[in-house]
There are 4 protein chains.
Amino acid sequence: MVGGGSGAFIGAVHRAAAVMDGQIEVAAGALSSTEEKSLASGRELGLPEGRVYGSWTRMLEGELALPEEDRVDFVSVVTPNHVHFPVAHAFVKAGFNVVLDKPMVHTTEQAEELVDAVEKAGVVFAVTYQYTGYPMVKQARHMVREGHLGEIRKVIVEYNQGWLARNVEETGAKQAEWRTDPGRSGIAGAIGDIGSHAENLAATITGLEISELCADLTSFVPGRRLDDDGNLLLRYEGGAKGVLIASQISAGEENDLRIRVYGSEGGLEWRQEEPNRLLFKPDGAPEQVLKRGNDYLCEDAKNATRVPPGHPEAFIEAFANVYSSVAATIRVARGEQPGDGMAHDFPTVHDGARGVRFIEKVVESHLSDEKWTDA
Amino acid sequence: MVGGGSGAFIGAVHRAAAVMDGQIEVAAGALSSTEEKSLASGRELGLPEGRVYGSWTRMLEGELALPEEDRVDFVSVVTPNHVHFPVAHAFVKAGFNVVLDKPMVHTTEQAEELVDAVEKAGVVFAVTYQYTGYPMVKQARHMVREGHLGEIRKVIVEYNQGWLARNVEETGAKQAEWRTDPGRSGIAGAIGDIGSHAENLAATITGLEISELCADLTSFVPGRRLDDDGNLLLRYEGGAKGVLIASQISAGEENDLRIRVYGSEGGLEWRQEEPNRLLFKPDGAPEQVLKRGNDYLCEDAKNATRVPPGHPEAFIEAFANVYSSVAATIRVARGEQPGDGMAHDFPTVHDGARGVRFIEKVVESHLSDEKWTDA
Amino acid sequence: MVGGGSGAFIGAVHRAAAVMDGQIEVAAGALSSTEEKSLASGRELGLPEGRVYGSWTRMLEGELALPEEDRVDFVSVVTPNHVHFPVAHAFVKAGFNVVLDKPMVHTTEQAEELVDAVEKAGVVFAVTYQYTGYPMVKQARHMVREGHLGEIRKVIVEYNQGWLARNVEETGAKQAEWRTDPGRSGIAGAIGDIGSHAENLAATITGLEISELCADLTSFVPGRRLDDDGNLLLRYEGGAKGVLIASQISAGEENDLRIRVYGSEGGLEWRQEEPNRLLFKPDGAPEQVLKRGNDYLCEDAKNATRVPPGHPEAFIEAFANVYSSVAATIRVARGEQPGDGMAHDFPTVHDGARGVRFIEKVVESHLSDEKWTDA
Amino acid sequence: MVGGGSGAFIGAVHRAAAVMDGQIEVAAGALSSTEEKSLASGRELGLPEGRVYGSWTRMLEGELALPEEDRVDFVSVVTPNHVHFPVAHAFVKAGFNVVLDKPMVHTTEQAEELVDAVEKAGVVFAVTYQYTGYPMVKQARHMVREGHLGEIRKVIVEYNQGWLARNVEETGAKQAEWRTDPGRSGIAGAIGDIGSHAENLAATITGLEISELCADLTSFVPGRRLDDDGNLLLRYEGGAKGVLIASQISAGEENDLRIRVYGSEGGLEWRQEEPNRLLFKPDGAPEQVLKRGNDYLCEDAKNATRVPPGHPEAFIEAFANVYSSVAATIRVARGEQPGDGMAHDFPTVHDGARGVRFIEKVVESHLSDEKWTDA
């Protein structure tokens with residue numbers, strides 16, 4: 001693990017997710033940006049002494065120095081955004097499998113370089129758009145693919161948060177500080193942090209590609225340097241239309257990622273805050289509430305769950321599904337298990353690259369007087 | 001009553017709403033577009049023989065011929081859209097109070113002429129944007145006005161229907177036929193029929209004025225001549241932003257008018273399909289569910305209700321609130337009661353004119369390559 | 001109308017409900033317990049001078065003195081409980097159709113006398129258990145009858161209110177005063193006022209008969225003379241089991257009448273506070289949300305509705321369904337319309353009598369040390 | 001860990017819960033009822049060779065043979081019910097801390113012996129009533145204790161499941177087999193398996209003690225040897241009343257554990273299937289929706305959570321809270337950390353013993369003709 005040392009919120013979540021299914025343990029780490037903190041964090045986690053590294057470059061060297069079978073099976077990179085590219089790129093080039101936080105990198109150029117590197121190295125590479133790890137998202141994807149909705153006409157995807165409704169970055173909130181800092185967060189605020197999750201969710205479920213978009217971004221809170229609210233009209237290849245909303249100033253909302261998809265034969269609705277339910281609204285028939293864990297769901301949804309219906313699973317379990325799929329994929333690649341189950345069901349480097357491009361195009365549209373910007 | 005004869009869905013709703021509170025009875029009518037049907041419908045309703053008219057022009061003459069105290073107290077016009085203007089204009093000019101269905105008229109020119117006529121005649125004039133008759137909409141308006149949300153930053157207003165997801169206008173559905181016919185419905189389909197309700201709801205609650213808008217309209221169903229789906233980005237005077245969605249092809253949705261308003265201090269959420277509840281989401285404190293009929297609500301919300309908390313009121317009651325306010329306003333104008341209670345709490349000719357202009361501007365934006373159209 | 005004069009809450013609801021569908025108008029009345037108030041209330045309602053009576057006995061005489069075709073078509077009795085029997089009995093014996101508020105009468109003896117009288121007179125007689133007028137209750141009844149749930153095993157019916165959590169009867173709340181007064185309300189408080197609605201709802205939907213019951217009643221509020229909370233175990237003929245809860249001290253609840261029914265093949269759930277939805281939970285398949293107004297519902301549910309799906313109907317509309325069914329039944333009885341549509345779909349004198357017996361048996365069980373009391 | 005080997009559903013859940021917070025790892029195990037399976041399961045989990053035991057007696061011997069600092073910190077017992085007592089008792093007597101599945105043991109006699117043993121040994125002993133590990137349950141407990149509801153008057157606690165609506169124990173469902181077998185499950189079916197969770201939830205939140213109860217148990221499914229449905233009236237010390245429902249034949253329900261508590265000043269409602277929300281219904285003020293992870297919650301609720309508001313936590317996280325509290329309590333007992341945070345917030349041997357007594361009393365009441373059985 002690179003990054004995610006003591007006090008880093010997301011590091012603990014990655015670890016809880018990774019170990020949940022008893023397949024993965026943290027074996028080595030360069031857990032912080034300074035040598036001292038890295039070593040302290042590694043010891044706190046109880047890592048074996050020789051595998052606690054003072055920096056990610058040392059870790060790369062150290063692991064490469066080990067016999068191949070003793071090296072880490074994959075590297076999880078959970079650093080702030082601006083350190084994603086160099087770390088991920090170096091490990092990929094050295095032949096390591098990688099799990100990387102989103103947004104993958106800062107520019108399309110970097111993204112394309114990373115795509116090339118991954119393809120050349122032939123490694124397993126996942127981007128933790130963890131919300132698509134929810135089983136009912138997999139069920140939604142299945143139902144669209146199978147034609148239960150008919151031809152898709154409309155997508156409304158939203159990510160409403162309110163935690164940046166006040167200027168919390170100036171009162172010491174660490175999570176708010178780097179997210180509102182262009183140097184660390186990139187060219188976009190809300191759009192990069194959560195709009196990209198919305199984009200990934202819609203793309204995963206519908207398989208549609210955005211052809212044109214029209215964006216209006218705002219920084220509502222005085223002094224804020226990046227957008228904290230964004231509203232988009234979308235046009236998809238093939239004629240479907242969409243609306244994408246991403247906001248961090250929607251006061252009173254917590255983590256309200258939700259999507260509605262409408263086709264010629266019916267609609268679907270899913271909300272991250274009640275993730276165990278998926279609404280299916282067939283035209284002319286009663287609405288259905290599909291629930292996680294049931295036999296009537298598709299295989300992908302059933303594979304991605306642990307406890308029976310009515311025993312809810314949630315955020316950490318969705319996150320764990322990304323890790324478990326990576327683990328399964330590595331085992332399949334090594335011939336340790338056949339290619340079924342959860343293998344190959346995680347967001348890839350291509351999802352990551354598409355997300356980076358999306359952020360760039362949204363900002364381009366925002367700055368343009370043209371109604372439509374090619375995406 | 002003009003229009004709304006046998007078989008006209010909305011006529012029966014207007015009558016049920018009008019008589020609900022025991023203040024209004026239907027006294028005269030020209031209930032259909034042909035003399036024969038008008039007379040038959042009037043008799044079926046049990047109207048007094050001399051007050052059943054074969055056409056609205058005869059009704060106007062007939063009522064004017066009566067002594068002033070025997071005339072109808074107001075005229076309710078529930079004809080198809082294209083007949084709104086001549087009827088309403090004539091009755092207003094003759095000094096009658098008028099209740100008119102929405103959208104008020106077809107063009108801003110007509111709207112302005114009607115505004116002038118109403119102001120000159122000094123009559124009571126209401127447009128039945130009945131959704132703003134719901135008590136919890138009045139409560140939402142109150143909370144915004146009183147500053148419970150702080151400065152308003154964002155509005156998301158939606159009206160999702162699915163009943164036109166198929167080409168029902170070609171299979172004999174009368175309601176669908178005229179709504180998808182430019183000759184009777186005007187220049188817009190979904191935007192005129194339901195988008196204007198969404199506009200009115202947002203304007204009523206927030207008091208904000210749209211300064212610019214960007215619209216993308218679609219006719220998804222082959223052969224349809226008007227839009228059946230519209231998505232808008234809104235910019236308000238003062239800097240707030242908005243999204244407006246109106247769709248009649250959102251398969252599986254019924255009459256899903258809903259609004260969310262976010263300010264610097266908290267958010268509000270209301271849905272027409274569960275109209276007795278209003279969610280208030282103060283920043284940093286538990287979400288509140290305000291419920292119709294309770295003492296803790298504002299006076300306007302309490303006046304607009306009939307039965308105790310937990311005994312739900314719904315669509316017809318909201319509609320009745322428009323009529324009851326018109327009745328109260330007429331009584332106040334005549335000095336029959338003091339100016340409190342429900343008087344002057346209905347959508348006016350100005351709401352109607354703003355709605356007509358909104359429809360025109362949305363269509364203008366849709367046809368434009370400019371990102372923003374002045375509204 | 002007998003009772004329901006100025007200021008009587010339920011009188012105005014009865015009138016709004018009665019006139020809603022344009023089939024009924026209030027033609028005569030003895031609206032209060034004193035001559036003076038009766039006359040004043042009658043005039044306020046605009047009743048014709050000769051049909052405003054000072055007492056119900058005068059009204060009976062006066063209407064009988066009219067030619068048969070000029071008399072009221074039915075009498076609606078909305079007096080306090082203790083006046084139900086003499087008024088209803090007298091009008092029935094005189095051959096009038098009657099609509100009577102619940103609980104029908106105070107004792108099983110009176111109930112049986114009334115059943116006899118109704119049968120002898122051959123009149124139409126309805127008891128306003130208005131909650132069974134909701135269309136989705138009719139749908140639930142249909143689904144049980146048609147076997148969608150398999151064999152019924154379990155019923156959980158509840159009526160939770162909180163408005164008597166404090167001693168409001170001593171601070172001038174008129175509705176609370178008579179309901180907590182044994183002289184006017186009868187031997188039971190919450191069980192009589194709302195428990196009887198719960199009993200009627202369960203019986204209407206399931207058709208099951210209670211064979212034995214076990215009751216625990218409580219008066220929680222100091223000084224209260226009747227129960228304000230009751231909890232019951234039920235055993236039904238044929239082996240099904242049940243729980244019935246009726247409470248007026250469940251602080252924070254409004255009018256939370258709800259029912260769940262479980263059979264060998266699935267379950268149903270309905271809540272009065274969201275009356276347009278009915279949950280159907282088939283074993284092993286996704287939960288379904290059936291919604292009022294849709295084509296997929298049964299005929300009884302479709303007949304009992306006025307506006308399209310998504311335009312909610314509520315309490316007054318459910319109440320109106322009782323009146324509209326009475327009106328249709330009278331028309332059928334007179335040969336004015338064929339026997340279909342809404343005719344004969346209202347709670348009868350037998351429902352009323354069963355409700356009275358239920359109240360007696362609950363009180364008997366409460367006072368007994370025996371576990372089970374025959375019902 | 002004793003029990004919970006390959007294929008045992010609950011073993012994997014215990015392990016996922018235990019390791020979630022990075023404080024616990026599985027160090028030794030006797031994971032199955034036969035030596036062969038135990039060894040295979042231990043190897044599969046990657047346990048160190050010397051710590052994989054063929055039986056729990058070998059494990060007890062083996063661990064005792066180690067230097068004290070090398071022994072397991074606690075033993076988690078997840079065997080079928082009938083093996084709970086001997087294993088737990090032996091480890092407690094040997095001075096090991098123990099985590100034991102519920103119901104704790106089969107008889108009050110065993111329960112009392114275990115209570116004595118725990119008190120003598122002075123060990124940490126937890127029973128995994130995991131549902132009380134949910135943060136919003138801790139918040140509910142806090143609000144009752146702090147008097148936010150006033151004096152508690154009424155409790156409605158339910159646990160509705162439908163998975164035993166059919167005779168699945170005869171078609172190979174392992175989970176159903178032992179639960180419906182008196183030899184392994186004890187004297188009660190649904191009451192023991194889930195009714196005891198309901199009892200624990202109500203007791204945890206309200207602190208009330210049941211004084212008398214009246215139970216009606218049923219075996220609905222032909223051939224079933226234990227109750228699959230139970231309904232209870234409860235009387236609490238001090239005058240509060242209650243209803244407890246536990247059913248495994250409520251077809252269509254999944255894991256619907258829920259509770260409502262009403263006091264003189266307001267009510268609370270919580271549902272396990274939407275565990276991140278707690279409804280608070282203060283008398284005369286708007287309903288509040290309290291949500292996990294927020295600053296406005298009590299310390300116990302805030303300690304028992306990992307991710308920010310709106311990122312839902314669920315069943316495994318609640319389970320993990322029991323383990324994390326045990327770990328904290330052991331660290332406190334050893335002087336490794338001060339006595340705050342999560343320490344001492346888990347269900348104890350006394351909760352376990354009360355649960356065993358509850359099951360016995362329910363069965364006693366069921367078999368009795370007396371209305372009330374002392375509890």
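So that the names make sense, note that chain A is the first sequence line, chain B the second, and so on, each numbered from 1. The analysis underlying the following values was restricted to heavy atoms, covering all of them including side chains, and did not include hydrogens, waters or symmetry mates.
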Residue A:Ser250 versus chain B: region with a heavy atom under 4.5 Å: both
Contact winner vs chain B - A:Asp283, A:Asp216, A:Val243, A:Thr218, heavy-atom pairs under 4.5 Å: A:Asp216
Interface moiety of A:Ser365 toward chain B, non-hydrogen atoms closer than 4.5 Å: both
A:His148 and A:Phe280 aromatic ring geometry - parallel, tilted or perpendicular at 30°/60° bounds: perpendicular
Atom group of A:Asn231 that falls short of 4.5 Å from chain B, counting heavy atoms: both
A:Asn255 side chain to A:Glu273 side chain, donor-acceptor N/O pair below 3.5 angstrom: no
Salt-bridge present (A:Lys371, B:Asp369; N to O < 4.0 Å): no
Candidate list B:Ile156, B:Leu208, B:Val157, B:Leu149, test side-chain contact (heavy atoms from CB on, under 4.5 Å), partner B:Val261, passing option: B:Leu149
Check: B:Tyr131 ring centre within less than 6.0 Å of B:Phe315 ring centre: yes
Region of A:Trp372 that comes under 4.5 Å of a non-hydrogen atom in chain B: side chain
Mutual orientation of the aromatic rings belonging to A:Tyr129 and A:His197 [parallel < 30°, tilted 30-60°, perpendicular > 60°]: perpendicular
A:Glu158, part contacting chain B, at a heavy-atom distance under 4.5 Å: side chain
A:Asp256 bridged to A:Arg258 by N-O distance under 4.0 Å: yes
Toward chain B, the part of A:Leu232 with a non-hydrogen atom under 4.5 Å: backbone
Pairs of heavy atoms under 4.5 Å with chain B: top-ranked of A:Gly267, A:Gly242, A:Gly266, A:Gly284: A:Gly266
Best-contacting candidate, B:Glu265, B:Glu253, B:Glu269, against chain A by heavy atom pairs under 4.5 angstrom: B:Glu253
Winner by heavy-atom pair count (cut-off under 4.5 Å) against chain A, out of B:Ala251, B:Gly150, B:Cys214: B:Ala251
